[in-house]
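Everything numeric in this text was worked out from a predicted model, so none of it was measured. Every heavy atom of this structure was used, including side-chain atoms; hydrogens, water molecules and symmetry mates were not. For ligands, and for the atoms within them, numbers begin at 1 and follow the listed sequence.
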Amino acid sequence: MSKLNIVILAAGIGKRMQSSLPKVLHCLAGKPLLVHVLSTARKLSPDKICIVYGYNGEDVQKAITDHDIIWVKQSEQLGTGHALMQALPFLDDDASTLVLFGDVPLVKIETLRNLLIVSSNNLCALLTANMDNPYGYGRIIRSQEASKVIAIVEEKDASQAQKKVCEINTGVMLLPNKYLQDWLPKLENNNQQHEYYLTDLISFAVENKVSIATERPINTWEILGVNSKVQLAKLERIYQNNYAEKLLEQGVGLADPERIDIRGNLLCGQDVMIDVGCIFEGKVILGDHVIVKANCILKDMTVGSGTTIAPFSLLEDSEVGENCRIGPYARIRPGTKLASKVHVGNFVELKNSSVAFGSKANHLSYIGDSIIGKNVNIGAGTITCNYDGVNKHQTIIEDNVFIGSDTQLVAPVKVTAGTTIGAGSTITRNTPPGQLSLSRSKQVSIAGWMRPTKNKV
Ligand code: UD1
Ligand code: CA
């Protein structure tokens, strides 16, 4: 294969988004549109990737952390042809350039590979698609005899007859750089929008008898662009439906494929069941037989086989072992590591803590910066007081400890193996092993005490 350069056009303001954020930074499935295009581009292993940026360009550059991008500034947005023109000095003489749009995020690598196949080094190639409603797109005009592409006409410049053409320009095209060098400087802006149209390059190709190959996308939705929030929402649904379908094909059980959102990667073992309303962000790995019930959010999580996560639980950046029971209404914050058979019940919050085999915190607790041993029972309402207003401190609870309800453990503190703590205690010092420790005043009863009565007005 000859040398490949890729130019991603991303300088447009995106007026119809009605937002101060550059269009290409709006998110689809949790990632900026431009990031989707860029990661597809990378899969082709091009020799160079240029991004043409303009409106709020610094924000765009900040959002992309890849170091090998050639950033090309287009100070004034004078059209797609003008945008590519800015990249011209950075392109290799002996390469071909694939043009991608930063606002067309769903285009698949297989489709791009097909486009590369139909073009050879001295051929131009266009990705075109047939649309039931071609409104807004550039129309592909073909010669009547040979059905060869002879022009692309933009909606605003099209005649009534041309508007009826359903074959449209997706914007994805591949051209040898030697032609770009020759033709781009010759573009003019005498059209309805007074823009330098990339699409006018086709007329130069026709003039110079350079043949133009065309290829179709594998799926029509791949070429849909984002110009408004309405379109962004539609593309999000397409993306999510595709992901859900892929999961179903892999054997993952989904209560309703239309009510799951994946904003990253979800990797599932066998016989995983996911109920409605769940959101998966970042990288989430679910082991065999994991059940995620309704309305849970999991972000950057690993969950071991056989674990059930009950409704309305929020888990982030942590590891949950095998056969655990989490939730309902559990909150697992970053840095938590649960071994197997751990139970975390309703309104229990864990942060930066490890919990060993078989331990349970079933109701209303906060466990932060703690190390918890095996078979520990943490009573309802137990709180680790990990923060003194300035610094965080650690709580250690060793194996087989029983902590009575409504206990405060004032860190740094260690509850040694086998300790029992009486309910309602405030523990400020390390406990001796195997004993009952408690701190509470004795219960008193006052005979003859009267309840207050309501004041008369
Ligand atoms: C463009 C095509 C049209 C095609 C459609 C497909 C042209 C003239 N028209 O129209 O044939 O059917 O895409 O979606 O090419 N951009 C810049 N600098 C500019 C202008 C645009 O970088 O000066 C970038 C935008 O950020 C965007 C892309 O180019 O990523 C497309 O621009 P847009 O204005 O959306 O073009 P369309 O009118 O949709
Ligand atoms: Ca567009």
Sub-3.5 Å N/O-N/O distance, [X] and ligand 1:
| X | value |
| --- | --- |
| Leu9 | yes |
| Asn169 | yes |
| Tyr197 | no |

Spacing of OG1 belonging to Thr382 relative to CG belonging to Leu364, to within rounding of 0.5 Å: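 One gets 9.5 Å once the value is rounded to the nearest 0.5 Å.
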Mode of [X] contact toward ligand 1 - side chain, backbone, both, neither (heavy atoms, under 4.0 Å):
| X | answer |
| --- | --- |
| Asn227 | side chain |
| Ile168 | neither |
| Glu154 | side chain |
| Gln74 | side chain |

Give the atom numbers and elements of ligand 1 that come within less than 4.0 Å of a heavy atom of [X].
| X | result |
| --- | --- |
| Thr199 | 7 (C), 8 (C), 11 (O), 15 (O) |
| Thr80 | 7 (C), 8 (C), 15 (O), 20 (C), 21 (C), 29 (O), 31 (C), 32 (O) |
| Leu78 | 23 (O) |
| Thr170 | 6 (C), 14 (O) |
| Ala83 | 17 (C), 18 (N), 22 (O) |
| Gly102 | 30 (O) |

Within less than 4.0 angstrom of ligand 1, does Gly12 place any heavy atom?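 Gly12 counts as a contact of ligand 1 under the 4.0 Å cut-off.
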Regarding [X] and [Y], do their side chains bring together a donor and an acceptor under 3.5 Å, going by distance alone?
| X | Y | answer |
| --- | --- | --- |
| Tyr366 | Asn386 | yes |
| Ser318 | Arg333 | no |
| Arg139 | Thr199 | no |
| Asp369 | Asn352 | yes |

Considering Ala11, Gly14, Gly79, Gly138, which one's heavy-atom position lies nearest to atom 19 (C) of ligand 1?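 Looking at heavy atoms only, Gly79 sits closest to atom 19 (C) of ligand 1.
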In the structure I gave you, are the side-chain heavy atoms of Arg42 and Asp68 within less than 4.5 Å of one another anywhere?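 Arg42 vs Asp68: side chains touch.
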Over 60° means perpendicular and under 30° means parallel, so classify the ring planes of Tyr329 and Phe312, tilted if in between.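 Taking Tyr329 first and then Phe312, their aromatic rings lie parallel (interplane angle under 30°).
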Mind checking whether Tyr239 and His36 have parallel, tilted or perpendicular rings, split at 30° and 60°?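 Correct class here is perpendicular.
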Do you know which two heavy atoms are closest between Glu188 and Tyr196, and how far apart they sit?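 Minimum heavy-atom contact is C-CD2, 3.8 Å.
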Salt-bridge present (Lys3, Asp47; N to O < 4.0 Å):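 No.
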